[in-house]
Amino acid sequence: MTTEPLEKAYDPRAAEARWYPFWMERGYFHAPTDSDKPPYVIMIPLPNVTGTLHMGHALMVTIQDILIRHRRMKGFNALWMPGTDHAGIATQVVVERELAKEGIKRHELGREQFLERVWAWKEKNGNRILEQLKGLGASLDWPRLRFTMDEVCSRAVLEAFVRLHEEGLLYRGHRLINWCPRCLTALSNEEVEHEDHQGEMWSFAYPLDGGGEIVVATTRPETMLGDTAVAVHPDDERYRDVVGRTITHPFTGHKFEVIADSYVDREFGTGAVKITPAHDFNDFEMALRHDLPKINILTEDARINENGAQFAGQDRIAARAAVKKAIEDKGLYRGRQDHAMAIGVCQRCGTVVEPYLSWQWFVKCRPLAEVAQQAVRAGRTRILPELWKKTWDHWMDNIQDWCISRQLWWGHQIPAWHCQNCREVTVARSAPGACPKCQSTSLRQDEDVLDTWFSSAMWPFSTLRWPDQSTDLRAFYPGAVLETGFDILFFWVARMMMMGLHFMRDVPFADVYLHPMVRDAQGRKMSKSLGNAIDPIDVIEGISRDELIAKTRTYPVPQHKLPQVIDWLKKEYAEGIPASGADGLRFTLAIHAAQVTDVKLSIPRVAGYRAFLNKIWNAARFALMRIGDDVVLPLADVRAQLSVAERWILSRLDHAVEETDRALLEYRFDDAANAIYRFFWSEFCDWYVELCKPTLLADGDSPAKAAVRATLVHVLDTSLRLLHPICPFATEEIWQKLPSLGRYREQGIDSIMIAPYPQADPTLRDAAAEKEIARLIEVVTAVRSLRAEYNVPAGKKIGACVQADDGFAREAMLGFSDEIRKLADLSQLVVERRGETPRESAVGHLEWCDVVVPLAGAIDLDAEQARLRKEIEKTGKELEKLQRKLRNEDFLAKAPPDVVDKDRGRLAELGTIKAKLADTLQRLGG
RNA sequence: GGCCCCGUAACUCAGAGGUAGAGUGGUAGCAUUACAAGCUACGUGCCGUGGGUUCAAAUCCCACCGGGGCUACCA
């Protein structure tokens, strides 16, 4: 009577293909709105429709799916909300590039037709990344899938805009913003990245009207065309006389003054600053204070405009050189210095951004931010790991108004209408029939669209049909946790907090958990241009070395670096990447996901963890082959028949259950993965499976055998459920074959993913059994060590003797003599009091016993003597250290008594061991 | 410039006052009734450096060195 044996090795491909559709068909990912279970909600960080999966996504999905599956099994109505965002700039750029191939420009097509093209592109390509998430096992509630530009979300976005405007928290202003001259749109501060750059500080003199000059310095000489003042510190003696004097611009001829402002740093440069209000944020502020004119000198694409005199029409790079040359020609050049500076570039395209004066829409963030900050301070939302709290506070303390308008076509068009007659701007939920001010019907909708992050900020409630007070909204707001990378703490998390608190009067999530950034084994950011980006799909499915190299060649690696990158790939991936399956990748990521800022992921190590899944597979294979088809009793029915070994493994299992569950509740994914790994491999496979074999493999039936069969199934069933959130596919594949399946089916449970998560059970704890088996393991290991050390050929039968003074210990070892003989490969085992060590024997001294292996003729006297001397020396050193400690009056007086007692006990043990070692050495004639 | 994080075995990392750990790799041996994606055994640590606090420091404090990140207006 045997069950059909499992295949020899675990095949992730088959399991993944089988179970994802199974779960989907049964609707197990779906969280019903009308459930009476408590809700547990995670909103997925919206991938861009243009995006493809990278390791960061893989980590994100792994963590969130672990959380969701764990809570679902624990009885929550777990909703993992899927969606994508429309990624304004990125998507528009992609489609424009596609059009360029056909030789079409966006403006030739017109707004409406262009948007049709973008929608078409989105329908065709926008779900690729979602399909990839399925490959990782993500248990997202697919029927609820939303898109930031769909009707439901768009309605919420417009409503939010109008309400914020009504409340005076959103306004239109003529202000300086960051402008990308290539994307031709405004950017928020967060969309500007700062790159270190070696620039120069270039000095020149402005001649003062009526004689004299004042020397200023700049890193951007071309901006002098827009200068409308020179500022000095009011208390600066050097410039006391020039304040109020006028300057005639050497090129444009306009006149401006030397002003005094305490913002100026007297120590820096000459102590005099040129002021360009239209092209510098600080200068803009100063212009407001002093009511200075703001002269814009740039066109949208960063050319000098008509205000730039003879330089008009030149682009900014050429203009810089030309301005410098012209200044030199006038004899006004006053020197240069190297100057390290950070330069702002567009996050999307890398182009140097310009501060640019224009009409834009802004959200007044300060009042919103204060509420959000207060919520965090009050613990209504926790930011985890805690180290990010400071970063959060720093940003919130310094928050500035948020520029939300973008000069793009792809996005939510701003619900504001400009009167062509009186220029009145009307914000409304739908197009007004006439201008409320002048009744003109000549209205034009604002052409700009909203920042993608504006719509993302509404995500936790826009997806639930806000502003309708829908049942979804009541059921699923607020969420449990927002899990994402720390790089979008401000882009997204902070803004959801602000909007959630404002519109819903409640935080959008109880916890913010920020996961580490995935880097390569050297700690470098994984990026295609570095050539070190590994596609998660290649880890799951495997890829040969040559294919990997070919793929990397298609990445934008700079030509001169390519040979180096290829060499590295050849070395690092000499054998290519073996197929580790989704579970192998997930387990690896989980075990790396400590509460830190970086995960250094060495891809070849993933293969090491796929071995763990195979180990589980094979342990199950063994059990299923040997359990046979007869009915297996539930554990409860065999509790009275459990031997020490069963009681031990069940006690250890309970530790693992408790540890794993707690770790998952505390976002300690590494601890959870480790606890399962250790238990399953080092305890269950290494010891229990071996210990149970004699009983299990014996002929016939017996209560003992029934107990073993029940225990094996119970341990497998429990550990699979324990591991399921981390490795969903393999656990389902195996769990479906266990004899316990029938009992679950009776309760309507036909999948591990809806089975209950294991709970710690104090009645399974058994300290006595743990101690006994720990001793057994020590003895077996000691014998094995001695055998190996003396090169006893494997298979050669020898005897051994355990000498212990403790009667209980002796009794226990006697009881285990069959097990010890088998595991240590001994012909016989003697258990006796500690006494004389026979000659020609190797001895292992444990704290509670000596393990003696007689090795007549086999023993190398010199080697054994040397080994013993080394041991004695080591023990002696430790002994001395302890003695010194215990002689220290302060220690005895101040240390807690239990610490002192512990050290005293240890001193005695070490003393015994050392004496035994010395005795043995003496007997060997040393 | 300010702030934050990290320096522990060859590698990747846990440990956060009380005997320095795991996994991987390495070395040697092994076809032992599930597993060679396996089994058994074995090693190395001035816990970055220098001070301090403490009976006791890898752990707490200070400074420094090295690596990384965030942030900022030094024109």
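Quick note on labels: first sequence line is chain A, next is B, and so on, each numbered from 1. Fair warning: this is a prediction, and the values are worked out from it, not measured in the lab.
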* Asked: Given atom CG of A:Leu514 and atom P of B:rC70, what is their separation to the nearest angstrom?
  -> 14 Å
* When you compare B:rU33 with B:rA41, how far apart are their C1' atoms, in angstrom units rounded to a whole number? -> 23 Å
* To do: State whether A:Phe622 and A:Lys693 meet the cation-pi test: NZ (Lys) or CZ (Arg) under 6.0 Å from the six-membered ring centroid, and within 45° of the perpendicular axis.
  => yes
* Asked: Rounded to the Å, how far apart are A:Asp487 CG and B:rG68 P?
  -> 18 Å
* What does B:rA9 pair with, Watson-Crick or G-U, if both distances are under 3.5 Å? -> none
* OP1 or OP2 of B:rC3 less than 4.0 angstrom from a side-chain nitrogen or oxygen of A:Lys390, does that happen here? -> no
* Structure fact -> By the Watson-Crick or G-U definition, both distances under 3.5 Å, B:rG50 is matched with B:rC62
* To do: Go ahead and name the base partner of B:rG25; Watson-Crick or wobble counts if both distances stay under 3.5 Å, otherwise write none.
  => none
* Structure fact -> The Watson-Crick or G-U wobble partner of B:rG38, with both key distances under 3.5 Å, is B:rC30
* Asked: Checking all strands, does A:Thr781 fall into the base, sugar-phosphate, or nothing category for heavy-atom contacts under 4.0 angstrom?
  -> sugar-phosphate
* Just how far, in rounded Å, is P of B:rC39 from CZ of A:Phe684? -> 14 Å
* Using a 4.0 Å cut-off on protein heavy atoms (strictly under), produce a 5'-to-3' string for nucleotides 29-35 of chain B with B for base contact, S for backbone-only sugar-phosphate contact, and - for none. => ----BBB
* To do: Write down the distance separating the C1' atoms in B:rG25 and B:rU12, rounded off to the nearest Å.
  => 11 Å
* Asked: Whole Å only: how far is the OH atom of A:Tyr688 from the P atom of B:rC39?
  -> 19 Å
* Asked: Looking only at atom C1', what distance separates B:rG67 and B:rC73, rounded to whole Å?
  -> 28 Å
* To do: Answer with base, sugar-phosphate or nothing: what part of the nucleic acid does A:Tyr263 contact at a heavy-atom distance below 4.0 Å?
  => base
* Heavy-atom pair with the smallest gap, counting every atom of A:Ala342 and A:His194 -> CB-CB, 4.2 Å
Listing time: all N or O pairs from protein to nucleotides 17-20 of chain B that are below 3.5 Å?
unit_1 : atom_1 : unit_2   : atom_2 : d
B:rU19 : O2     : A:Glu878 : OE2    : 3.4
B:rU19 : O2     : A:Arg906 : NE     : 2.5
B:rU19 : O2     : A:Arg906 : NH1    : 3.4
B:rU19 : O2     : A:Arg906 : NH2    : 2.6
B:rU19 : N3     : A:Arg906 : NE     : 3.3

* With rounding to whole Å, what would you report as the distance between B:rU71 and B:rA58 at their P atoms? -> 36 Å
* **Opposite nucleotide pairing with B:rA56, Watson-Crick or G-U, both atom distances under 3.5 Å** => none
* Asked: Heavy atoms under 4.0 Å, any strand shown: does A:Arg668 hit a base, just sugar-phosphate, or nothing?
  -> sugar-phosphate
* Test A:Leu712 against A:Cys692 for side chain to side chain contact (heavy atoms under 4.5 Å, CB included), laying out the working first. => CA-CA 9 Å; A:Leu712 277 173; A:Cys692 80; 4.3 Å; yes
* Residue pair A:Asp397 / A:Gln373, side-chain donor-acceptor N/O under 3.5 Å -> yes
* State, to 0.1 Å, how close A:Ala579 and A:Glu541 come at their nearest heavy-atom pair, and which atoms those are. => CB-O, 3.3 Å
* Taking only side-chain nitrogens and oxygens of A:Ser785, does any of them come within less than 4.0 Å of OP1 or OP2 of B:rC42? -> yes
* Asked: CH2 of A:Trp388 versus C1' of B:rC3: gap in Å, rounded?
  -> 12 Å
* **Nearest-Å distance for atom pair CD/P, residues A:Glu659 and B:rA14** => 17 Å
* To do: Quote, to the nearest angstrom, the P distance that separates B:rC5 from B:rC46.
  => 26 Å
* To do: Using whole Å, report how far CG of A:Asp265 lies from P of B:rC73.
  => 15 Å
* Determine the contact category for A:Tyr609: base if any of its heavy atoms lies under 4.0 Å from a base atom, sugar-phosphate if only primed atoms, P, OP1 or OP2 are that close, otherwise nothing. => sugar-phosphate
* Considering only the P atoms, how many Å lie between B:rG2 and B:rU19, rounded to the nearest integer? -> 39 Å
* **C1' atoms of B:rA75 and B:rC3, separation to the nearest Å** => 24 Å
* Asked: When rounded to the nearest Å, what value does the distance between P atoms of B:rC6 and B:rA16 take?
  -> 13 Å
* Under 3.5 Å, is there a donor-acceptor pair between the A:Glu191 and A:Ser188 side chains? -> yes
* Asked: What's the closest nucleotide to the A:Phe268 side chain, out of B:rC55, B:rC74, B:rA41?
  -> B:rC74
* Asked: Mapping A:Pro12 and A:Gly271 onto RNA chain B by nearest heavy atom, which one lands closer to the 5' end?
  -> A:Pro12
* To do: Have a look at A:Met517 and say if it touches a base, only the backbone sugar-phosphate, or nothing, with a 4.0 Å heavy-atom cut-off.
  => nothing
